[in-house]
Amino acid sequence: MNDIVTIKGLKYGLQLTFAKGASFDDVQANLLDKLQSGSGFFIRGTTVFVPKGYFAEEQNEALRRMFHRHGMLFSTELKRPNLAPPSRDKAAPAPKPKAVDEAQKMMIINHTIRGGQEVKVNSSVLICGNVNPGAQIIAGGSIDIRGTCRGFVHAGAFGDKTACVVADRLMPAQIRIADIIARAPDEPEKVSQAERAMIRGNRIIFEPVAR
């Protein structure tokens, strides 16, 4: 049952492939099981791609409704970033492939990230829950945790030094922003409000922030 659906992460979504001979009912049941298990792959706002023509239209519609209930998009068109071909007349920079990235500016996760779980996103991420010890959050943008952060967090993973990490209680085992690494004090001061970690003067600082 675990090998019925294979998930491949793309920069602009997730591509699904299926075991040879698997029925639609088996595929749907396996996907539902993965969705309900809180798999780190299926993050709200993600676009999920299924090969065009693999299922009948009514079956695609059933999958579309199922993913929509979990806050995700469904498509049978594998849309790649729209990169303009190079011009022979003059050198012009190709437009940035941001069509799908714009739709994924903020991923939302409505549960606690347990130890041993890892979440990787190309955009910013909002976590409505705790990040427990042993959990990892890696984001291309900023990280906002509506709870306590005790795991490993890496914001600005592609080099964005303007990214930040915010949490109601910020106590990470390790924190990285771009290529700068820090950790919370062993005995953090009692703070009555949320904190933000950001780069200032080529080092990571922690400061109170109003929600």
Which pair of heavy atoms, one from [X] and one from [Y], lies closest together, and at what distance?
X	Y	result
Gln117	Arg114	OE1-N, 2.8 Å
Gly115	Asn132	N-CB, 4.0 Å
Ala163	Gly141	CB-O, 3.7 Å
Leu31	Met66	CB-CE, 3.7 Å
Ala197	Ile177	O-CD1, 3.5 Å
Ala155	Ile143	N-CD1, 3.9 Å

Handout entry: side-chain contact (heavy atoms from CB on, under 4.5 Å) between Thr76 and Tyr54, worked out
Key = CA-CA 9 Å; Thr76 57; Tyr54 194 93; over 6 Å; no

Problem - Full working for side-chain contact (heavy atoms from CB on, under 4.5 Å) between Ile145 and Val153 - result: CA-CA 10 Å; Ile145 301 165; Val153 286; 4.3 Å; yes

Out of curiosity, [X] [atom1] to [Y] [atom2], how far, rounded to the nearest 0.5 Å?
X	Y	atom1	atom2	value
Ser75	Gln15	OG	CD	11.0 Å
Ile175	Ile204	CD1	CD1	5.5 Å
Ile113	Glu118	CD1	CD	11.0 Å
Gln59	Asp25	CD	CG	8.0 Å
Ser23	Ile4	OG	CD1	7.0 Å
Ile127	Ile109	CD1	CD1	5.0 Å

Handout entry: Set of side chain to side chain donor-acceptor pair (under 3.5 Å) partners for Arg150, sequence neighbours left out
Key =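 Once residues adjacent in sequence are excluded, Arg150 has no partner under the side chain to side chain donor-acceptor pair (under 3.5 Å) criterion.
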
Exercise for the section: Compare all side-chain heavy atoms of Phe18 with those of Val5 and state whether any distance is below 4.5 angstrom. Expected result: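 Phe18 reaches Val5 side chain to side chain.
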
Practice task
Could you check if a side-chain atom of Lys161 sits within less than 4.5 angstrom of a side-chain atom of Asp179, using non-hydrogen atoms only?
Solution key: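 Result yes, sub-4.5 Å side-chain heavy-atom pair found.
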
Problem - Test log, rule side-chain contact (heavy atoms from CB on, under 4.5 Å), inputs Leu16 and Phe49 - result: CA-CA 6 Å; Leu16 305 185; Phe49 299 96; over 6 Å; no

Check whether [X] and [Y] end up in the same hydrophobic cluster, where Ile, Leu, Val, Met, Phe, Trp and Tyr are linked by side-chain heavy atoms less than 4.5 Å apart.
X	Y	value
Ile199	Phe152	no
Phe55	Phe67	yes
Val165	Ile138	no

Exercise for the section: Keeping the roles fixed (side chain from Asn130, backbone from Thr148), state whether a donor-acceptor pair exists under 3.5 Å. Expected result: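 Checked: pair present.
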
Practice task
State whether the side chain of His154 and the backbone N or O of Ala178 hold a donor-acceptor pair below 3.5 Å, judged by distance alone.
Solution key: yes

Practice task
Verify side-chain contact (heavy atoms from CB on, under 4.5 Å) between Asn60 and Glu57, making sure each step is shown before the conclusion.
Solution key: CA-CA 5 Å; Asn60 283 333; Glu57 184 53 39; 4.2 Å; yes

Handout entry: Any residue meeting side chain to side chain contact (heavy atoms under 4.5 Å, CB included) with Glu207, in chain and number order, not counting sequence neighbours
Key = Arg196, Met198, Arg200, Ile205

